[in-house]
Structure formats: structure tokens, C-alpha cells
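The structure appears right after this line, and notes come after that.
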Amino acid sequence: MMKERFIYLLDKHKNKTLSESEKTELMELLVNNQFDEILQHDIVHTLTNELSQPVLNTPKEFDSERIIHEILTQHPSDFPQPLPIHKRLSYFWWAAAAAVVLCLGIYIQIQSPINQPIAQQTPPPTPQKFTYTNKEFIYLPDGSTVLLNSESTLTYFNNFKNQREIFLSGEAFFDIKKDSLHPFIIHTGDITTKVLGTAFNINSHNDKVIVTVTRGMVQVEKKDKILGILKPNQQISVNKKSTDFQQQNIQAEQSLTWKATSLLMDDITFTDAIHLLEKRFKTSIKIENPEINDCRIRASFLNDESLDEILTLICGARQAEYERDKNQIIITGGYPCK
């Protein structure tokens, strides 16, 4: 603090704005000679390098001998006589430093923006957003799947593999790939559902968020407060506007009637797809060509499609045909998948 004070007083003396008390203070600092070492080895050296010019080119008005003489002769009876020349030379360094500080202040304020342009920083790229609306079967980048119900919206961003977070408005059924390093998080307003690997349904229509678990385990939170940890065939209903919630045991599949109208063939064999159709439509279907039995099918039928509509699609994928024979459907032909 004394160093800054000394430079400040010296500058005021140069501008002839020192008060009587400040004159006395400055004279005390001068005769004590306490700044020589700092002056010569720190201030002058550092500031000279920064300005790339000799400090000894001191402006005329900063002639140290004259400054010291003027200050000390203002009150000659109050202070000792001026120090010898080799001592007084140190004050020249202070005067020079003061001049450099003044020049440096101008340099920073005026010259720096011109001679040292600030490098432009490239703003971070805006995350890409993916949004799905209405009834749709969605394959997420991590291999998880979502069956989105009608009048619903699901959003996630392109950094999903590193941060598995989804924003849901409405209703959806999730089948989550297990990843212990990256929990799967679903945001429905203030309510958060966290999972590692499981299958569950979230319904955020109306004034409640209802989470129903069919497989695995799910943790439900509201504003970082854990409301419940659900196991299969358990359900929690959380009020959006209050802290009220209710947890109960149910038959999960029976409560998800909307999902029952959708038919999902998520990378299953042709034979398994036919078994699904037999169970759903209560009919017998025979595959004559065994070479297409193990071919993989990935398809979703979300709008209560008829049996003929579904068979036309999956048989066409293998270039097979089907025909009805009394109470049985027979699939013929088809190219093998190997």
C-alpha cells in the first residue's frame, strides 16, 4: 500500500495538487529512503520490459533532482538536509517509475485495443434437438425404445449417448437399455424419473404424473426429493401442483390399455412375429419355407392395423406371399436372410 501511496503523492506533486498534509507525507517517504530496492529491481525492470522502451527517457517534468529539491525545500527546517547524490539517485528511479506508470495507464486504455486485438471466441454450438409428436415408436441412439402415445411430445438432444435425458409431455412407454454409467432420466415438468435398465410407462396428461413399472426398478423424484422407488407391478401418482403422491400395487399390463392396441416387432425373428399375430388375431398361420424363419423383423403397427395390412408388410419384406386356406393362413416362398 505504501508503494502505491508514494506514486500517487508524487503524481499529485507533479500536477501541483498536493495538500499541506500530503506534502508532509511525501517528504517523510522521501527522507526515509525505503523504496530504493523495490524501485530498482522490480518496478523499473518490469515496466520497462512491458513498454519495450528505456525508463531513463523520463519526461522533463519528472526530473528527479528537481522534484526532490522542490519538495524538501518547501519545509527545510522540518526535515533533515537532502541526502547525498548516490542516495538521491534512487528517487530518480521512483520519478521514472511514476512517469512509466502514467504512460502505461494511457497505453492500456488507448493503445491496447488497437495494437492487440482480442481474439474472437467462437460460441459453443447449439445442441441439436429431436422432437417426436403423436403416436410413434422411437428408437433412441442408445438402443432404448419408446412407444409414444397420441397427443404427446418427446424431446432429446444430440448428446444423448453421454447424457441420457428425455423431456416428455403426455404419455409414453419406455424400454430402456441397461447402462450403469449413464442413468436414464425422464423429465415431466418438475417430476424426474431415473432408471438404469427397465420397462415402464409415464402418463403426464391432466394434473398428475403417473409412473407404472412392468420390469426392473424406477426412482421418481420431484425437485430433488425422492418420492418413491418402484418395482414391477407398482405405480406412483404424483400431483403436479403439490407434494401429494400415492403409491400402489397393480397389474401393470392391465392398466396400460392404450399400449395394448399397438403391435411392436422390435428386431424379432420372422417366426416370433407370426406367433404375435396368431395370439393377437386368434388365428393359425403356417410358414412353409423354413429358410425365412430366423430372418429379423423390425416394425411397429400403432393404428390398430388389420391382419391383412400387417401380413402384407412383413411378408413383402422377405418377398413372400400368403393365402387363406379355410381357417388357416399359409405363407409361401420368400428369400432367405443368409
Side-chain angles (χ1 to χ4, degrees), residues 127-161 163-177 183-230 232-248 250-266 298-305:
Q128 185 178 359
K129 183 169 66 174
F130 301 91
T131 301
Y132 298 86
T133 58
N134 296 320
K135 200 165 188 179
E136 191 167 353
F137 188 61
I138 306 162
Y139 290 92
L140 298 175
D142 67 336
S144 301
T145 60
V146 182
L147 176 59
L148 187 66
N149 202 353
S150 57
E151 299 180 359
S152 302
T153 302
L154 181 143
T155 301
Y156 68 90
F157 294 90
N158 59 345
N159 61 345
F160 180 82
K161 284 188 176 181
Q163 191 171 349
R164 300 200 300 171
E165 292 192 53
I166 276 183
F167 300 84
L168 172 68
S169 173
E171 185 172 18
F173 182 85
F174 296 84
D175 195 340
I176 306 303
K177 289 287 185 181
F184 195 102
I185 301 173
I186 302 99
H187 300 280
T188 47
D190 293 334
I191 300 168
T192 302
T193 305
K194 295 182 178 180
V195 302
L196 293 177
T198 183
F200 58 99
N201 189 84
I202 297 181
N203 183 353
S204 65
H205 286 306
N206 303 321
D207 60 348
K208 294 181 180 180
V209 174
I210 302 173
V211 181
T212 306
V213 178
T214 61
R215 187 185 74 244
M217 189 177 296
V218 168
Q219 176 177 297
V220 179
E221 303 176 358
K222 185 173 185 178
K223 295 183 177 179
D224 296 327
K225 179 183 178 181
I226 297 177
L227 302 181
I229 298 178
L230 308 182
N233 292 317
Q234 288 187 330
Q235 183 183 82
I236 190 170
S237 177
V238 184
N239 192 302
K240 293 180 180 179
K241 298 180 180 179
S242 69
T243 57
D244 295 339
F245 68 93
Q246 182 180 4
Q247 183 172 327
Q248 60 182 339
I250 59 164
Q251 291 297 318
E253 291 295 342
Q254 294 180 10
S255 69
L256 304 178
T257 54
W258 76 271
K259 178 175 171 286
T261 61
S262 301
L263 181 63
L264 306 177
M265 300 178 182
D266 185 16
R298 176 178 283 188
S300 57
F301 304 93
L302 312 179
N303 299 306
D304 203 21
E305 288 85 351

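Please read these numbers as outputs of a predicted model, since none were measured by experiment. Nothing fancy with the numbering, it's 1 onward along the sequence.
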Worksheet item: Are the side chain of Q234 and the backbone of P232 linked by a donor-acceptor contact shorter than 3.5 Å?
Response: no

Looking only at heavy atoms, the pair that brings K222 and K240 closest together is NZ-O, 3.1 Å

Residues G170 and S152: closest non-hydrogen pair is CA-OG, 3.4 Å

**OP:** Check step by step if side chain to side chain contact (heavy atoms under 4.5 Å, CB included) holds for V213 and N233.
**Re:** CA-CA 6 Å; V213 178; N233 292 317; over 6 Å; no

Next item on the list: Look at the side chain of N206 and the backbone N and O of K208, then say whether any donor-acceptor pair between them is shorter than 3.5 Å.
Entry: no

dist K225:NZ -> T243:OG1 (nearest 0.5 Å) comes out at 6.0 Å

Q. Under 6.0 Å between ring centres, would you say that holds for F200 and F184?
A. no

So do Q219 and I226 actually touch side chain to side chain, heavy atoms under 4.5 Å? yes

Discussion item. Counting C-beta onward and ignoring hydrogens, is there a side-chain heavy-atom pair between I191 and V220 closer than 4.5 Å?
Written reply: yes

Output for pair (M217 CE, K194 NZ), nearest 0.5 Å, gives 15.5 Å

Checklist line | side chain to side chain contact (heavy atoms under 4.5 Å, CB included) between N149 and E151, intermediate numbers included | finding: CA-CA 7 Å; N149 202 353; E151 299 180 359; over 6 Å; no

Value for CG (L264) from CZ (F137), rounded to nearest 0.5 Å, stands at 4.5 Å

Heavy atoms of Q235 and I250 approach each other most closely as NE2-CD1, 3.5 Å

Between the CZ atom in F167 and the OG1 atom in T155, the distance rounded to the nearest 0.5 Å is 8.0 Å

Exercise. Do the rings of Y156 and Y132 sit parallel, tilted or perpendicular, given the 30° and 60° boundaries?
Worked result: parallel

> Does the side chain of E253 pick up a donor-acceptor pair with the side chain of Q251 at under 3.5 Å?
Replying inline: no

Given the options I138, I185, L140, I166 meets side chain to side chain contact (heavy atoms under 4.5 Å, CB included) only with L140

Shortest non-hydrogen pair, F157 vs K129, comes out as CE2-CB, 3.7 Å

Paired with S204, the side chain to side chain contact (heavy atoms under 4.5 Å, CB included) test is passed by just one of I186, T188, V211, V238, namely T188

Hydrogens and angles aside, do E221 and T192 bring a side-chain donor and acceptor to less than 3.5 Å of each other? no

inquiry  = Between W258 and N201, is there a side-chain donor-acceptor contact under 3.5 Å, judged purely by atom types and distance?
reply    = yes

Residues 135-145 vs side-chain hydrogen bond (donor to acceptor under 3.5 Å, both in side chains), sequence neighbours excluded, gives K135-T261, K135-S262, Y139-D266, Y139-R298, D142-S144, D142-R164

Taking atom types as modelled and ignoring hydrogens, do the side chains of H205 and E171 form a donor-acceptor contact shorter than 3.5 angstrom? no

What one should report as the nearest heavy-atom pair of A252 and S255 is O-OG, 2.7 Å

Could you check whether any side-chain heavy atom of I210 comes within less than 4.5 Å of a side-chain heavy atom of I202, counting everything from C-beta outward?
no

Interatomic distance, CG@L302 vs CG@L147, rounded to 0.5 Å, equals 6.0 Å

Separation between CG (L168) and OG1 (T153), nearest 0.5 Å, reads 8.5 Å

The side-chain contact (heavy atoms from CB on, under 4.5 Å) partners of A199 (sequence neighbours excluded) come to F173, D175, T214, R215

Heavy atoms of L148 and N134 approach each other most closely as CD2-O, 3.3 Å

Next item on the list: With side chain to side chain contact (heavy atoms under 4.5 Å, CB included) as the test, would you mind laying out the steps for H187 and E165 before giving the verdict?
Entry: CA-CA 8 Å; H187 300 280; E165 292 192 53; 2.5 Å; yes

